[in-house]
J.: 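This is the structure I have questions about; it appears just below.
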Amino acid sequence: MKLSRRTILQGVSSLPFAVASLRAGAMAQTAPAATPSTELPPILLVHGNGDYDALWMTTLWRMESNGVARDRMAAINFTDPLARSDDKVEQANRSSTEDQRRELTAAIADLKRRTGAPRVALVGSSRGGYAIRNVIKNGGAGDVSHAVLCGTPNHGVFATDDQPNNEFNGRGAFLRGLNEGESEVTAGTAFLTLRSDGLDKYAQADGRFIGNPGVPTGVTAEGPELKGATNLVLGALDHREVAFHPRAFREIYKFVAGREPMRIAIVPEPSVKLSGLVTGTPGGVPTNRPVAGATVEVFRVDPETGERKGGALHSSKTGADGRWGPVQVDPTWSLEFVLASPDAPTTHIYRSPFPRSSDVVHLRPARPLGPADKDAGAVVIMSRPRGYFGLPRDVVLLDGKEPADVKSGVPTDAAATLRLPASEVGRNIVAQFGEERIVARAWPASENRIAIAELTY
């Protein structure tokens with residue numbers, strides 16, 4: 001039985017707070033007790049397959065809004081975040097489980113050195129949980145007080161006798177090694193798993209979500225759970241939301257701190273400073289390698305029309321480190337980022353206001369215009385990096401309509417594309433997800449330009 005590798009390896013709302021439930025017998029382990037005066041351990045956030053540390057932006061803001069100092073937090077940016085098809089065979093711009101273990105070990109050591117703390121708390125989304133478990137199991141337990149695994153496919157995205165060296169195979173060598181023994185966690189570290197109640201695209205019994213409809217995967221919705229951990233079910237959240245949703249934040253904070261957060265909402269700052277990294281996708285593979293020679297411009301735009309209000313607030317060209325910024329903005333301003341990166345379309349990225357400062361406002365250019373775009377006068381993409389679009393679960397509207405390329409049922413799509421005729425170039429396009437609303441402008445595809453309305457929540 002062959003499972004589609006391409007879909008398996010791709011990077012794994014403003015919803016009302018779902019009711020969490022504990023599976024029977026799941027309270028095998030709890031976080032150490034803490035009082036309101038107890039300082040949290042430093043927190044290191046670990047992203048998933050094909051992703052980058054920028055996805056933790058809202059989590060960092062919520063932590064800061066609860067009094068956690070920014071210098072006691074870090075988010076790793078794996079050099080090559082996409083997994084190999086075969087963990088034992090090198091692939092250009094992809095990483096092995098050992099590559100990730102090595103980079104995470106170094107990041108833990110750096111955070112301990114900077115803070116002087118004896119141990120740190122690790123929080124991982126999806127594949128990031130693999131790196132966390134790998135570090136802890138192989139000599140790192142003494143450095144890690146807490147491990148929170150969010151949507152991590154701990155028993156595989158599939159479990160078959162095929163592809164024994166694919167790290168997402170529950171019967172493969174890597175996961176069998178992590179899961180061996182009566183307990184699936186390492187003593188001395190407190191473990192929490194967070195999972196969806198059936199809406200995680202990578203915890204499905206039917207293979208249609210990984211490109212094999214009708215073929216059993218050998219896994220279920222319970223796949224992210226671990227024997228010996230505290231296992232929480234967060235209701236109707238999707239694969240990414242169990243890490244980045246406000247509901248997930250509450251459980252992450254509570255487990256690490258030993259108390260409820262003071263607030264879930266993000267507290268705005270009076271003045272906001274933004275900066276980030278420009279990365280690329282060589283050969284179509286997302287990496288976190290810096291791109292030199294990219295030009296970044298930042299404009300304030302009208303939230304109702306997407307039109308620019310004045311000249312550029314910031315303009316710079318990246319050096320060898322790929323960094324852009326900083327730019328000072330008001331927390332009420334809607335923004336347009338224009339990225340002109342070598343050998344890529346000029347990408348106009350529209351964002352809703354940033355309530356707090358961030359140094360992880362990372363920019364990747366849009367994918368090249370392809371055959372599907374050949375007759376389009378303009379291409380506008382609505383993107384949700386921290387979750388998927390769920391229909392009918394969510395309000396998802398692009399130019400006043402539910403996008404035709406967003407499937408109903410289990411949320412599987414994080415982007416929707418609108419192609420417009422040449423006669424509509426220049427008009428405004430409204431992207432609406434829940435309560436977040438972004439207005440973008442349709443730029444001419446003939447000039448190799450693409451617009452992205454990138455959601456924050």
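We number each residue from 1, following the sequence as shown. All heavy atoms count here, side chains included; hydrogens, waters and symmetry mates do not.
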J.: At what distance, to the nearest 0.5 angstrom, does CD of Glu64 lie from CZ of Arg70?
T.: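 Output value for this atom pair is 6.5 Å.
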J.: Grab the two heavy atoms, one from Leu369 and one from Asp373, that are nearest each other, plus how far apart they are.
T.: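 In terms of heavy atoms, the two residues are closest at CA-OD2, 3.5 Å.
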J.: If the test is side-chain contact (heavy atoms from CB on, under 4.5 Å), which one of Val135, Val46, Ile76 qualifies with Glu103?
T.: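 Exactly one option meets the side-chain contact (heavy atoms from CB on, under 4.5 Å) with Glu103, and it is Ile76.
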J.: Going by atom types only, do Thr346 and Glu447 share a side-chain donor-acceptor pair under 3.5 Å?
T.: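 There is no such pair (donor and acceptor under 3.5 Å, judged by atom type) between the side chains of Thr346 and Glu447.
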J.: Ignoring hydrogens, what is the shortest heavy-atom contact between Val396 and Met382? Give both atom names and the distance.
T.: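 It is CG1-CE, 4.2 Å.
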J.: Minimum heavy-atom separation for Asp53 and Asn77, please, with both atom names.
T.: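 Closest heavy-atom pair between Asp53 and Asn77: N-OD1, 2.9 Å.
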J.: Restricting to side-chain contact (heavy atoms from CB on, under 4.5 Å), what partner residues turn up for Lys317, sequence neighbours left out?
T.: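 Result, side-chain contact (heavy atoms from CB on, under 4.5 Å) vs Lys317: Thr295.
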J.: Could you tell me whether a side-chain N or O of Asp51 sits under 3.5 Å from a main-chain N or O of Pro81, the two making a donor and an acceptor?
T.: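 It does not hold such a pair.
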J.: Go through the side-chain N and O atoms of Asp330 and Thr332 and say whether any donor and acceptor fall under 3.5 Å apart.
T.: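 On atom types as modelled, these side chains qualify, holding a pair under 3.5 Å.
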J.: Closer than 3.5 angstrom, by distance alone: can the side chain of Arg176 be matched with the main-chain N or O of Arg171 as a donor-acceptor pair?
T.: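 Side chain of Arg176 to backbone of Arg171: a pair is present.
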J.: Under 30°, 30 to 60°, or over 60°: which ring-plane class applies to Tyr253 and Phe249, parallel, tilted or perpendicular?
T.: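 The rings of Tyr253 and Phe249 sit tilted, inter-plane angle from 30° to 60°.
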J.: What verdict does the salt bridge (Lys or Arg N to Asp or Glu O under 4.0 Å) test give for Arg437 and Glu304, after you've listed the backbone C-alpha separation in whole Å, the side-chain angles of each residue and the deciding distance to 0.1 Å?
T.: CA-CA 9 Å; Arg437 182 178 184 272; Glu304 295 303 318; 3.3 Å; yes
J.: Could you tell me whether Lys273 atom NZ has more than 12 heavy atoms of other residues or ligands within 6.0 Å of it?
T.: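 For Lys273, atom NZ is not crowded (no more than 12 foreign heavy atoms under 6.0 Å).
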J.: Hey, does His245 have a side-chain heavy atom less than 4.5 Å from the side chain of Leu234?
T.: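 Sidechains of His245 and Leu234: no contact.
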J.: CZ/Arg114 to CZ/Arg72 distance, rounded to the nearest 0.5 angstrom?
T.: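 So the CZ of Arg114 and the CZ of Arg72 are separated by 10.0 Å.
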J.: Indicate the atoms forming the closest heavy-atom contact of Gln204 with Gly198, along with that distance.
T.: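 Looking at all heavy atoms of both residues, the shortest contact is NE2-O, 2.9 Å.
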J.: When you measure from the side chain of Asn169 to the backbone N and O of Asp161, does any donor-acceptor pair fall under 3.5 Å?
T.: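 No: the side chain of Asn169 does not pair with the backbone of Asp161.
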J.: Any Lys/Arg nitrogen of Asp99 or Arg102 sitting under 4.0 Å from an Asp/Glu carboxylate oxygen of the other?
T.: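 Between Arg102 and Asp99 there is a salt bridge, with a charged N closer than 4.0 Å to a carboxylate O.
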J.: Using modelled atom types only, decide if a donor and an acceptor are shared between the side chain of His47 and the backbone of Phe78 within a distance under 3.5 Å.
T.: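 Yes, His47 side chain to Phe78 backbone: donor-acceptor pair under 3.5 Å.
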J.: I'd like to check Pro290 versus Arg323 (side-chain heavy atoms, cut-off strictly below 4.5 Å). Are they in contact?
T.: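 Not in contact.
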J.: Is any side-chain heavy atom of Asp399 closer than 4.5 Å to a side-chain heavy atom of Arg427?
T.: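 Counting from C-beta outward, Asp399 and Arg427 do come under 4.5 Å.
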J.: Just verifying a value: how many Å separate Ser408 OG and Glu402 CD, rounded to the nearest 0.5 Å?
T.: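 Ser408 OG to Glu402 CD: 7.0 Å, rounded to 0.5 Å.
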J.: Between Arg419 and Asp405, is there a salt bridge with N-O shorter than 4.0 Å?
T.: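 No.
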J.: From Thr97 OG1 over to Phe174 CZ, what is the distance, rounded to the nearest 0.5 angstrom?
T.: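 So the gap between those two atoms works out to 5.0 Å.
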J.: Distance from Leu122 atom CG to Arg133 atom CZ, nearest 0.5 Å?
T.: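 Reported value, rounded in 0.5 Å steps: 13.5 Å.
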J.: Hey, is CG on Asp343 packed in by over 12 heavy atoms from elsewhere, all under 6.0 Å?
T.: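 Atom CG in Asp343 is not crowded, with 12 or fewer foreign heavy atoms closer than 6.0 Å.
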J.: Is there side-chain contact between Leu82 and Pro286, with heavy atoms separated by less than 4.5 Å?
T.: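 Counting from C-beta outward, Leu82 and Pro286 do come under 4.5 Å.
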J.: When the ring planes of Trp443 and His348 are compared, do they come out parallel, tilted or perpendicular, using 30° and 60° as the limits?
T.: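 The rings of Trp443 and His348 lie parallel, inter-plane angle below 30°.
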J.: Salt-bridge test for Glu241 and Arg247: reply yes if a basic N is under 4.0 Å from a carboxylate O, no otherwise.
T.: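 Between Arg247 and Glu241 there is no salt bridge, as every charged N stays at least 4.0 Å from the carboxylate O atoms.
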J.: Taking all non-hydrogen atoms of both residues into account, name the closest pair between Gly325 and Ser275 and its distance.
T.: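 Heavy atoms only, the tightest pair is CA-CB, 4.2 Å.
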J.: Once side-chain contact (heavy atoms from CB on, under 4.5 Å) is applied, do any residues pair with Thr456, and if so which ones, sequence neighbours excluded?
T.: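 Applying side-chain contact (heavy atoms from CB on, under 4.5 Å) to Thr456 gives Thr58, Trp61, Arg351, Ser352, Glu436.
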J.: Taking Arg62's backbone N and O only, do any of them form a donor-acceptor pair with Asn66's side chain (distance below 3.5 Å, no angle check)?
T.: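 It does hold such a pair.
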J.: With no hydrogens and no angle check, just 3.5 Å: does a side-chain donor-acceptor pair link Thr305 and Asn428?
T.: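 Side chains of Thr305 and Asn428: no pair found under 3.5 Å.
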J.: Knowing that exactly one of Val406, Val395, Leu398, Asp238 qualifies, which makes a side-chain contact (heavy atoms from CB on, under 4.5 Å) with Phe389?
T.: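 Among Val406, Val395, Leu398, Asp238, the one that satisfies the side-chain contact (heavy atoms from CB on, under 4.5 Å) with Phe389 is Val406.
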J.: Looking only at atom types and distance, does a side-chain atom of His155 sit under 3.5 Å from a main-chain N or O of Gly170, one as donor and one as acceptor?
T.: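 Flag not set: sc His155 to bb Gly170 has no pair under 3.5 Å.
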J.: Spell out, as yes or no, whether a donor-acceptor pair under 3.5 Å connects the side chain of Arg300 to the backbone of Leu335.
T.: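 Pair absent, no side-chain N/O of Arg300 close to backbone of Leu335.
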J.: Find out whether Arg127 and Gln100 are in side-chain contact, i.e. whether some heavy atom of one side chain is under 4.5 Å from a heavy atom of the other.
T.: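 Side-chain contact under 4.5 Å: yes.
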J.: Say whether, by atom type as modelled, one donor and one acceptor occur between the side chain of Asn134 and the main chain of Glu98 under 3.5 angstrom.
T.: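 Not confirmed, Asn134 side chain does not pair with Glu98 backbone.
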J.: Got a donor-acceptor contact below 3.5 angstrom from the Ser196 side chain to the Leu237 backbone?
T.: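 Looks like yes, one N/O pair under 3.5 Å.
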J.: Is a donor on one side and an acceptor on the other found under 3.5 Å between the side chain of Ser95 and the backbone of Ala83?
T.: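 Checking the backbone N and O of Ala83 against the side chain of Ser95, no donor-acceptor pair under 3.5 Å is found.
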J.: Does the gap between the ring centers of Phe168 and Tyr202 come in under 6.0 Å?
T.: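 Not close enough - the centres of the two rings lie 6.0 Å or further apart.
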J.: Of all heavy-atom pairs between Pro385 and Leu55, which one has the smallest distance, and what is that distance?
T.: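 Heavy atoms of Pro385 and Leu55 come nearest at CB-CD2, 3.5 Å.
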J.: In Å and rounded to the nearest 0.5 Å, what is the CD1 to CE distance from Ile252 to Met63?
T.: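 Output value for this atom pair is 6.0 Å.
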J.: Give a yes or no on whether a salt bridge exists between Asp80 and Arg289, defined as a side-chain N under 4.0 angstrom from a carboxylate O.
T.: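 Arg289 and Asp80: salt-bridged.
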